[in-house]
Amino acid sequence: MAVIALTGAQSAAAPPRRVSILGSTGSIGRSTVDLLLRNRGAFTVEALTANRNAAFLAEQARQLNARFAAVADPAEYGALKAALSGSGIEAGCGPEALVEAAERPADWVMAGIVGAAGLAPTLAAVRRGRIVAFANKEVLVCAGSLFMQEVAAHGATLLPVDSEHNAIWQCFDFERIDHIEKITLTCSGGPFRERSIDEMRHMTVTEAVKHPTWNMGAKISIDSATLMNKGLEIIEAHHLFGLPSEQIDVVIHPQSVIHGLVTYHDGSVLAHLGTPDMRTPIAYVLGWPGRTAAPMQRLDLASVGRLTFETPDPERFPALRLAREALIQGGGCPTVLNAANETAVKAFIDGRIGFLDIAATVEETLEAMPVGRLDSLDDVYHIDREARAIAAEHAARRARNHRPADQA
Ligand SMILES: NC(=O)c1ccc[n+]([C@@H]2O[C@H](COP(=O)([O-])OP(=O)(O)OC[C@H]3O[C@@H](n4cnc5c(N)ncnc54)[C@H](OP(=O)(O)O)[C@@H]3O)[C@@H](O)[C@H]2O)c1
């Protein structure tokens, strides 16, 4: 099922597009704000949200003249209110305020929260039939076809922000899907592409978040180091483009210049290229179906020199296999995969488990849980909660044997 409905388009003479950003203080959010500030006349801002970073959220809200700003953590409400004092910008807090931010009148909503925490607000935007710029891939991994059914039922439009999916979208012939043989997601290989298993065992958080080509938030950077990010993206691509696992390929491409490819039955391969800067896909979805001017460095192929490609190593990066297996198993497996991964990544960031324990915890959680059915959003929340509890137990057991890198 193709999701990218060609409706709700903005014409050249259209009034400014009203936008809201869920997760505006994060890496995706900051890139979006940067583009809005560079194209002031084309957009007005309705709502912005953060988790706890009230001071920065208030600064963004003032800069963009937003109407509403909300923090997820109620403990930060006082700080937000104080920082917005005298501005006329309304403040809110807690899960309901995030849903309110998503529901406020906007034409376009950036889903830029990290993790399954973004599910309720992203769904709220979908249920208002908005154009949703979709970065928060964990939402699609945990809620899968139920989320896509909501998109269809409410006439919402999902625009892929993830660079690979955005690239494939630009090369994908939705009118002739039966002519498409496969799509290929490229993958930088992350910071540990050339490390042995033994070396990876001792990698620290600082080393894991040091992505070689992209500048991103901590969770996605660690997912890129384990290659779980690419696994989540396979599941995301399955739902966005309506293709089965065997038509979704992954290739390691360390330069991150080609972002995605579509192979057609006649052997033609269409690829999308660009410098690794998330402002390119965000600019595309901001202006869609037109294009928004964006400032980043232009691609200079002669100075890049060589583009190289490799097959991912399943031994060193088991997360990729786990994600593919979860997609094929179906039901609640992707929900378990996502919840266990979020739990394990948090344990790694907190220094409780080692780098290789992340994928191992996910695998143990998948093995421990029956393949539950995913018939309703209640099932999603239930399976997500249960998987987090089981993953936390496995992570705690691993934590007891974990020696931090500097003591190993
Ligand atoms: N960064 C990239 O280049 C990139 C590329 C492709 C896809 N994505 C996807 O985009 C999403 C955002 O990634 P990111 O790198 O921008 O993450 P990030 O830098 O960690 O930012 C996350 C945003 O979500 C907010 N947030 C965190 N936990 C929350 C919670 N429990 N409830 C409500 N809000 C919460 C954060 O607020 P605080 O600032 O207050 O913590 C922040 O605004 C992820 O799903 C990621 O996979 C990112």
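Because the structure is predicted, anything quoted here is derived from the model rather than measured. First listed ligand is number 1; within each ligand, the first listed atom is number 1. The analysis underlying the following values was restricted to heavy atoms, covering all of them including side chains, and did not include hydrogens, waters or symmetry mates.
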Quiz item: More than 12 non-hydrogen atoms from neighbouring residues, nucleotides or ligands closer than 6.0 Å to CZ on R373, yes or no?
Solution: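 No, not enclosed.
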Practice problem: Mark yes when over 12 heavy atoms from residues, nucleotides or ligands other than R52 sit less than 6.0 Å from its CZ; otherwise mark no. | Solution: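 No, because the 6.0 Å sphere around CZ of R52 holds 12 heavy atoms or fewer from other groups.
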Practice problem: Verify whether one side chain among R279 and S31 offers a donor that lies under 3.5 Å from an acceptor in the other. | Solution: no
Self-check item: Residues E325 and R321 bridged, charged N to O under 4.0 Å
Solution: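 Looking at E325 and R321, the cut-off is met.
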Quiz prompt | Ionic contact status for R130 with D107, cut-off 4.0 Å | solution =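 Between R130 and D107 there is no salt bridge, as every charged N stays at least 4.0 Å from the carboxylate O atoms.
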Pairs of nitrogen or oxygen atoms, one from ligand 1 and one from the protein, closer than 3.5 Å: please tabulate them with distances.
from, atom 1, to, atom 2, distance (Å)
ligand 1, 1 (N), S27, OG, 3.0
ligand 1, 10 (O), A135, O, 3.4
ligand 1, 15 (O), G217, N, 2.9
ligand 1, 16 (O), S27, N, 3.0
ligand 1, 16 (O), I28, N, 2.9
ligand 1, 19 (O), S27, N, 2.9
ligand 1, 37 (O), T25, OG1, 3.3
ligand 1, 37 (O), N51, N, 2.9
ligand 1, 39 (O), T25, OG1, 2.6
ligand 1, 40 (O), N51, N, 2.9
ligand 1, 40 (O), R52, N, 2.7
ligand 1, 40 (O), N53, N, 2.9
ligand 1, 43 (O), G23, O, 3.3
ligand 1, 43 (O), T25, N, 3.4
ligand 1, 43 (O), T25, OG1, 2.7
ligand 1, 43 (O), G26, N, 3.2
ligand 1, 45 (O), E138, OE1, 2.6

Quiz prompt | Those residues that, when tested against F192, pass ring pair (Phe, Tyr, Trp, His ring centres under 6.0 Å) (two or more places apart) | solution =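 Per chain and number, F192 pairs via ring pair (Phe, Tyr, Trp, His ring centres under 6.0 Å) with F355.
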